[in-house]
Structure formats: structure tokens, C-alpha cells
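Inspection log for the structure reproduced underneath, given as C-alpha cells.
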There are 2 protein chains.
Amino acid sequence: MKGERTRQSILERAVDIASLEGLEGLTIGRLAKELQMSKSGLFAHFGSKEDLQLAAIESARVRFVDEVLRPALGAPRGYPRLMAICRAWLNYVGRGVFPGGCFFAAASFEFDGRPGAVRDAIASAMDQWVIALEKAVRLAKEEGHLDPRTDPAQIAFELNALFFGANFASQLRNDPSAIRRAEKAIEQRLESLRVKRSRTRPHVRRKTA
Amino acid sequence: MKGERTRQSILERAVDIASLEGLEGLTIGRLAKELQMSKSGLFAHFGSKEDLQLAAIESARVRFVDEVLRPALGAPRGYPRLMAICRAWLNYVGRGVFPGGCFFAAASFEFDGRPGAVRDAIASAMDQWVIALEKAVRLAKEEGHLDPRTDPAQIAFELNALFFGANFASQLRNDPSAIRRAEKAIEQRLESLRVKRSRTRPHVRRKTA
DNA sequence: CAAAATAGTACGAACGTTCGTATTTGTCAA
DNA sequence: TTGACAAATACGAACGTTCGTACTATTTTG
């Protein structure tokens, strides 16, 4: 009972630290100190540091789904939902869901080239995200909102790349305009694929603002 | 004399290790072992680990400029040079200039959120790159190859994002199609900005292949 | 030979981990 | 409701290792 509560609070802190210092920089000693508990106390909940890292990745994934992805999935199917997902991501970086920016982007670069369970877990979490993105594009296409020649995998790749770019520019180069640039690029790209429904309802350019 | 040679060979190895294991994972002990020299021997060349990290970043920057950027700058000014830079980057990831993918992408994510000299050096190196990219776009625009409304900073941001995305997808998700996708996206984006010179020389669609 | 470069050795701190023990907690009989 | 007790949870101390770094001695080089 109590154990589960403690475990969760450990993981929350672990995710925050890892998003700032990396999954290796997430140190048992530091984590224990910040939680005001002993190192050995931590080992009652996690058998090893690797266990802790894996649990932290899963916890981060859940946090991301709960706070970013799921709310966006509430939008109407098709183009609106796709845009909602994109906007949710752009907000997510600035909103401080993870204190160090995008947890997964950082973890990806930290563990690519280091085979093992941790790397696989990160890759799997990122896969889920890219697949969700791809699915949103595909649905928008099937809904008739996007050009039927649209390649969902290609568009998902491009969107994801813009997310990475935005995260990078706003974090390291702390360029405040990065999010805006990414938003602009995304809107423009998706607009270029959008079906205008000119048959049923002619496209009328709305007055600016 | 000999010292300088040794220093260079230390740095080459250091850059390779750091590109795989990160700048923190680049450890004095490991580096010494791989070079078959003593830890204290290393300290004759670098006053501290931070010194070593800074020198490794500079060394990586030089390697990147020499092997990737400078060759591409040989292309004719304007659109061709811009495309040459983009292609050089796309090749660079797959070509194994750094064994762990893009040195700077990894370093960026490792050190964002950790203020200090190392972070600043990484940011500065990346700045130079983004500025070079932006300059190439601006030149292409001034040369009349791109739509005069083109915003060089925006395009540089988008291109750089695609580079990040390609590196990520091909490294962590080892998706072999990532480079192709990025290439396609870049070509399409730049094509959309291209001036067709329809006044002086009408645009004639060449036969496919 | 003087100077530059390298090796050897040692240090304190921090790393992940283990162990035996103390404390807290939930359960159930009284 | 309480008391007792086993299980769950947390602790302090210590382990062996590796980290970055300092100091001194020795070899290599110009």
C-alpha cells in the first residue's frame, strides 16, 4: 500500500532529474538525497539502477500520454485532431511537463549506440509516439481532409523532425522564436496537403483576421 | 613537437568516444586505456576533464567543418551550394564521420539544462552551423534563386530540424529510410521556394531521368 | 644536457550495491 | 478498540570499484 505510493513519488522525482541530467546522471545518491531517504531504501523498490531507469522511462511515457497525447486525442477525428496533437507537442516543450525539455529526445540521443534494455525501452516509447503521429495523419487522410496521395509515414517523420528541432532550438540555443517557427512550418506543411473541398463548398479566402 | 602530435591523437580518440558515450561518458581512465597510456600522461596535455571536453568539442567542430561543410562550400553560390550543404549533411550521418552519429546533436541534448563552459562551447559550435545554413539560404535568395519573400532564419530552422530528425530516426530507431525521407522533404521544401526564371528562360520539365 | 613527455602511485569522493537491523504498517484475534 | 505480530519498508554502515586529480620519479626528445 504505502510502498506503491512511495514508489510513485520516487519515480516522479527520478523522471524530473533524468530529464535534466540524463538517465546516467540520474544517480542513486542524488535521488536519495532529494527525496530525503537513504540509498538502501531505494533498493527496496528497485532491484538495480537499470530497473530504476526502465521504470523511469515507463513513468515518463505515462506522464506524456496523460498530459500531452490523450487530451489532444479528444479533438474531432481527422485534420482537427492532427493539428491538436501538433499543438499539444509544441506546448509541451514550453509548458515544462519535464523540467529538462523533452525527456525522450534527450534519452534517445543519450542511449543510441548503447545496446541494451534501456535503449530498447526508449526506442519502444518513441516508436509508440511516431506510430500515433502516423495514425493521426492516416486518419486525416481517410477522412478526406488531406490529399489522398499523402504518405503518412513521410509526414509523421517530418512533423517529428520539426518537434525535435523546436526542442533543440528552444532548449540549447534558447531561441524563444523556435516554437513559433516550428508552428509556422507545421501549419504551412499541413495546409499544403489539405483538401479544400472546393466541390461541395467553394474555398473562399477569409478576410485577414 | 611530439606533444602536439600526441595531443591530436588523444583528441581524435576522445571525439570518437564522446560521440558514442557522450561527453560525460568520455572518461579519463577509458581514454587512457584505449590509447595505451597512463591517466597522468593525459593530464600533461589537458589540465582537467573540462579542458579535455572543451578541446574535444573544438576538435569535433574542426573535423565537421573540414569533412562536411568546407567541401560543400565549393559548390557554385546560390541554390546549388545550398543543396550541396544539405546533401553533405545527409551523407555525413551515414558516412560515419563520427562513429556515434552527429556529435553535436548528442552533445546538445546532453548539456542543455547544464549551464557552464561546456554547454556554451556546444551552443557556440551549433550557432556557427545554423548561421552558415542561414547564410547559404540568404545567398540563394540574393542570387535570385529563391522566392524573395523567403525568410532565411525560418528555412534554416526547418532544414536543421530535418537534419536532427534524420539523425534521430536513423540512429535510435535505425530506420534506414530516414535519410531518404529527409532528403525528400528538403528537396520538396526548397523546390517550393525556387524561382523558376520563367522570364529569361522558360521552365521546361525535363524528362524523368 | 636541459626540457618535454610519460609513467607510477596515491588520494578523497562518489558510484552502485549488499547486509543486518530498526522501524513502520496492515491484519486479525481478543 | 485494542494488542500482538508478521510483513513491508527504511536505515546506517560498509563493500569494492571507478571517478578526477595531484605529486614525484623516470624516460624520451630536441
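What you see below is based on every heavy atom in this structure, not just the backbone, and it leaves out hydrogens, waters and symmetry mates. Chain naming here is simple, since letters A, B, ... match the order of the sequence lines and numbering starts at 1 in each. Computed from a prediction, not measured in an experiment: that's the story for all the values here.
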Exercise for review: Counting heavy atoms from C-beta on, name the nucleotide in C:dT6, C:dT18, D:dT21 closest to the side chain of A:Phe43.
Suggested key: C:dT18
Study note, to complete from the structure: note: A:Leu31, atom CG; C:dA14, atom C1'; distance rounded to Å ~ 15 Å
Review point. Does a nitrogen or oxygen in the side chain of B:Ser38 sit under 4.0 Å from OP1 or OP2 of C:dT6?
Key: no
Review point. If you look at every strand shown and take non-hydrogen atoms under 4.0 Å, does A:Ser40 touch a base, only sugar-phosphate, or nothing?
Key: base
Point to revise | d(CG, B:Leu26; P, D:dG20) in whole Å | key: 8 Å
Exercise for review: Could you tell me the separation between the NZ atom of A:Lys33 and the C1' atom of C:dA13, rounded to a whole number of Å?
Suggested key: 11 Å
Point to revise | Face-on cation placement of B:Arg61 at B:Phe64 ring, 6.0 Å and 45° thresholds | key: no
Review point. Quick one: is D:dA10 close enough that its OP1 or OP2 comes under 4.0 Å of any side-chain N or O from A:His45?
Key: yes
Practice item. Using whole Å, report how far CZ of B:Phe46 lies from C1' of C:dA5. Key: 14 Å
Review point. What is the ring orientation for B:Phe163 with B:Trp129, classed by angle as parallel under 30°, tilted 30 to 60°, or perpendicular over 60°?
Key: tilted
Review point. What is the distance from CD of A:Glu50 to P of C:dG16, rounded to the nearest Å?
Key: 13 Å
Exercise for review: Rounded to the nearest angstrom, tell me the gap between atom NZ in B:Lys39 and atom C1' in D:dT18.
Suggested key: 7 Å
Review point. Are any of B:Thr6's side-chain N or O atoms less than 4.0 Å away from OP1 or OP2 of C:dA5?
Key: no
Exercise for review: Specify the separation, in whole Å, of atom CD of A:Glu24 and atom C1' of C:dG16.
Suggested key: 11 Å
Review point. Going by the angle between their ring planes, with limits at 30° and 60°, are B:Phe103 and B:Phe98 parallel, tilted or perpendicular?
Key: tilted
Practice item. Would you indicate whether B:Arg114, at its atom CZ, is surrounded by more than 12 heavy atoms from other residues, nucleotides or ligands within a distance under 6.0 Å? Key: yes
Exercise for review: Take atom CE of B:Met37 and atom C1' of C:dA7, then tell me their distance rounded to the nearest Å.
Suggested key: 9 Å
